[in-house]
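First the structure, in the form of structure tokens, and then the observations on it.
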Amino acid sequence: MKLLDKTYDPSQFEKDVYNRSIAWFYPTNSANGFYTVLMPPPNVTGSLHMGHALTYTIQDILIRYNRQNGLSALWQPGMDHAGIATQMVVSRELEKEGIDVNSLTREELIERILEWKEQSGGKIFDQQKALGCSAPWSLSRFTMDKQFCEAVNEAFVALYEDNLIFRAKRLVNWDTKLQTAISDLEIQNKEEEGILWYIKYNIVDSSGEFITVATTRPETMFGDAAVAVHPDDDRYKNFVGKQVIIPYTNRKIPVIADDYVDRNKGSGCLKITPAHDFNDFIIGQRHNLEMITVLDVVGHMVPEYVPEFLKCIYLKKARNLLVRKLKEDELLVKEEKILHSVPYGDRSGTVIEPRLTDQWFIETSSLAELAIKAVEEGQIKFYPAKWENTYFDWMRNIEPWCISRQIVWGHRIPAWYGPNGEVFVEKNEDDAALAAAKCGFSVEQLYRETDVLDTWFSSALWPFVTLGWPEQTEKLAKYYPTSVLVTGFDIIFFWVARMIMMSQYFMKEIPFKNVYIHALVRDEKGQKMSKSKGNVIDPLGIMNEFGADALRFTLAFLSVPGRDVKFGKEQVKISRNFITKIWNAARFLQFKEIPFGIKLSNTKITSKLGNWVIAKLKKLVRDIEQNIRDYRFDYATRNIQFFLRDIFCDFFIETIKFQDDGEILAIAGGVFSDFLRITNPFLPFVTDHLAKVLGICDSFVLANDGVVGDITTSEEDEKEVDKFVELVHEVRSEKQANGESDEYTLLCEKLKAWPGELKNVIGIVV
RNA sequence: GGUUGCAUAGCUCAGUUGGUAGAGCACCGCGUUCACAUCGCGGUUGUCACAGGUUCGAGUCCUGUUGCAACCACCA
């Protein structure tokens, strides 16, 4: 037998252990049931960060545990094309190379992205493997692979034909840097200091009177369609029905009354800019006002509505110029510093401008209704349950989902337009041509929609498309619905909610039974990790320094539900030390030439110590089972530590030094073998390595059969040894406090007189 | 403005149905006897944020207050 190295050095064996077991990560055919986890697909551009490490560790524990217990376990891996994020990254790379992205055609840019994906995409797979993720890698799916694209089209057309997808001119969040619409969720509001400008609008009559409007975005005034006042506001009542003139233009707009206006805000007069403000849009519709767009796609002032000196100028610059001019002309009544929140695009970091554009939307209200019901009725359960509130809150106030993006990297919307704007939504070009022909158009007259779908549209289909949908595959029948979705709270809306809606629609069944929401990983001070703060801890560095098992154990240990994970190196060190403890226990047993892996199930256990340690092991098994079922990985790791340290090492192994008959040695070997097996989902590398070196088995990946089995232990013996252990502590304590006092001698006598074999281990006291 | 959390030892946190406050780190003392100094043995450490209430009994349940955090909404 090969002897274990004196020191625990994970770098010596982790790779080998992984490669040895990689073939067993596939779902088995013969099974007592199915267990499925969808691996949230990382971005193609992604590399492993601590948040990934946490979520994958948890999922891997679940998968390994259930696979080990005889279920056919599928951990569905894959990658997400991550439309905007990826296109941004690649554009930046191209710019570094001196290539002007805007000079590339759509096809050229897509080709560049694909090239880029080939060289650097999938890097994260290797990192996941280093962490020990036991996924069947060859079953990986990509949201842009051929079959996935077909499924996306299929889904799109079905929703369209059911009138759940519609195209409309609506106000959307416009990102002037990326030049695309984005959804509400992709916006981050930031509290900022700004200026509220009070501007004079002269009344159109000879009175010389004026009305004052207040705005933080004065440049939008050229898109104003009215000024609104409260119907009961005595200050302005007389102006209702009159007209005002927008400065520097000859455009006249009416003063209207609308009770949306808050008399105490600003000047009490509200400029209405329907094409550049969400509330104004609604008021505009109510009063049938003109919708005037004054900003183009990049945020330049549109020439036809603005005065000469602002034409085609970027909005921020235009704002400054305009304010200066207003000041000069004494049209500015006052400037007021205010604190207000400003919407930023979460990807681009630029200020989001509401703009009126043609976009595609999903009408979500009916879908949401079913999705709410599924959680209300308990078909889907959130862990911790408090997230259900968050889910309900969003779902009950859901708005149509803008799914079109004006970028090139993504699923191109399967819609074709006829010469007069006729719309043909079909799965493919041939069908579109056919449909067009019926209306009397030729193929040449059609042009295809250039917009692509929001990345989250395809992500929403992930639970069933990865399993083969729209084909009714065997895989789908077996592994859908999935068992649990493990993810962070930050994507409950983006992903979880939408998967539920889409799955119910297309599969007529929920996508997963449980949703386990884990914490966010922060640094040890509780700060969010971010590149700009420079407090990012790289999981790869941690794994190199302490081993993957130590990282996994730490993350599981720290994942207390409802509390953020404060991650520090110190904790990893503690985990590493604990694993070293396991290692040294193994070394000791090896040194004692203990037999491992002997079936104890049929043996009669006669010793009290044997009964005791086996009872404790069985408790460990039960505790781990319960805690995994409850997603209490923090408890489970504590159970493991307690057993190994307090039970196995501190007491049981010590007794072997004084009492080493064949039975107790066999029990030691058996218990330790089972301990390794049970902890394999948490510590796959070191446990499998020890299994191999100690000659227990090649790997615990598929080992569902314990050595100890169902031995019934004597509860009496267990309690008696517990008492004995307690006495040992008392004796040691007394000696420490008062030396070899009378009390100490008395306690020692008590130990020596203990009935049965326990008295033999008296040496343990000192 | 709305919602949801959190507040326990110097630090990081457990404390599952109410029943003598726990762990790890840190700290102090002892220790290299057949694994382990990446260690062992022993020890010290608390107005359980504050104020009320329910109860025989509250860290735990209820109400309020304060502080912190996150999310959503609004933003003239």
Touch class at under 4.0 angstrom, heavy-atom based, for [X] against every strand present:
{"X": "D634(A)", "answer": "nothing"}
{"X": "R217(A)", "answer": "nothing"}
{"X": "D490(A)", "answer": "nothing"}
{"X": "Y635(A)", "answer": "base"}
{"X": "I574(A)", "answer": "sugar-phosphate"}
{"X": "Y260(A)", "answer": "base"}
{"X": "K566(A)", "answer": "sugar-phosphate"}
{"X": "R587(A)", "answer": "sugar-phosphate"}
{"X": "V261(A)", "answer": "base"}
{"X": "D280(A)", "answer": "nothing"}
{"X": "T216(A)", "answer": "sugar-phosphate"}

Hey, is the side chain of [X] poking within less than 4.0 Å of OP1 or OP2 on [N], counting only N and O atoms?
{"X": "H729(A)", "N": "C41(B)", "value": "no"}
{"X": "R563(A)", "N": "A14(B)", "value": "yes"}
{"X": "S733(A)", "N": "G43(B)", "value": "yes"}
{"X": "N577(A)", "N": "C39(B)", "value": "yes"}

Residue [X], side-chain heavy atoms: nucleotide from [options] that is nearest:
{"X": "R522(A)", "options": "C74(B), A7(B), A70(B)", "result": "A70(B)"}
{"X": "F493(A)", "options": "C41(B), C72(B), G15(B)", "result": "C72(B)"}
{"X": "K265(A)", "options": "A76(B), C36(B), G15(B)", "result": "A76(B)"}
{"X": "K581(A)", "options": "C36(B), G42(B), C72(B)", "result": "C36(B)"}

> Under the 6.0 Å and 45° cation-pi test, does R638(A) pair with F557(A)?
Replying inline: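 Yes, R638(A) sits over the ring of F557(A).
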> Is the Lys NZ or Arg CZ of K619(A) less than 6.0 Å from the centre of F643(A)'s six-membered ring, within 45° of the axis?
Replying inline: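 Geometry flag: not set, cation outside 6.0 Å or 45°.
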Quick one: does [X] reach the base of [N] with a side-chain donor-acceptor pair under 3.5 Å?
{"X": "E654(A)", "N": "A35(B)", "answer": "yes"}
{"X": "K657(A)", "N": "C34(B)", "answer": "no"}
{"X": "S341(A)", "N": "C74(B)", "answer": "yes"}

> In whole Å, what is the span from the CD atom of Q641(A) to the C1' atom of A23(B)?
Replying inline: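 One finds 9 Å between C1' of A23(B) and CD of Q641(A), rounded.
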>> Without decimals, in angstroms, what is the distance between Q736(A) CD and G42(B) P?
In response: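 Going from CD in Q736(A) over to P in G42(B) covers 8 Å.
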[N] pairs with which nucleotide, Watson-Crick or G-U wobble, both distances below 3.5 Å?
{"N": "C56(B)", "value": "G19(B)"}
{"N": "C48(B)", "value": "none"}
{"N": "G42(B)", "value": "C28(B)"}
{"N": "A37(B)", "value": "none"}
{"N": "A73(B)", "value": "none"}
{"N": "G5(B)", "value": "C68(B)"}

> More 5' along RNA chain B: Y8(A) or W583(A), using each one's nearest nucleotide?
Replying inline: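 The residue mapped nearer the 5' terminus is W583(A).
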> Mapping W387(A) and D184(A) to their closest nucleotides on RNA chain B, which lands nearer the 5' end?
Replying inline: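 Nearest nucleotide further toward 5': that of W387(A).
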> Between W583(A) and Y8(A), does the ring centre distance come in under 6.0 Å?
Replying inline: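 Yes, the ring of W583(A) comes within the 6.0 Å limit of the ring of Y8(A), centre to centre.
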>> Counting the benzene-type ring for Trp, do F648(A) and F675(A) have ring centres under 6.0 Å apart?
In response: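 Ring centres of F675(A) and F648(A) not closer than 6.0 Å.
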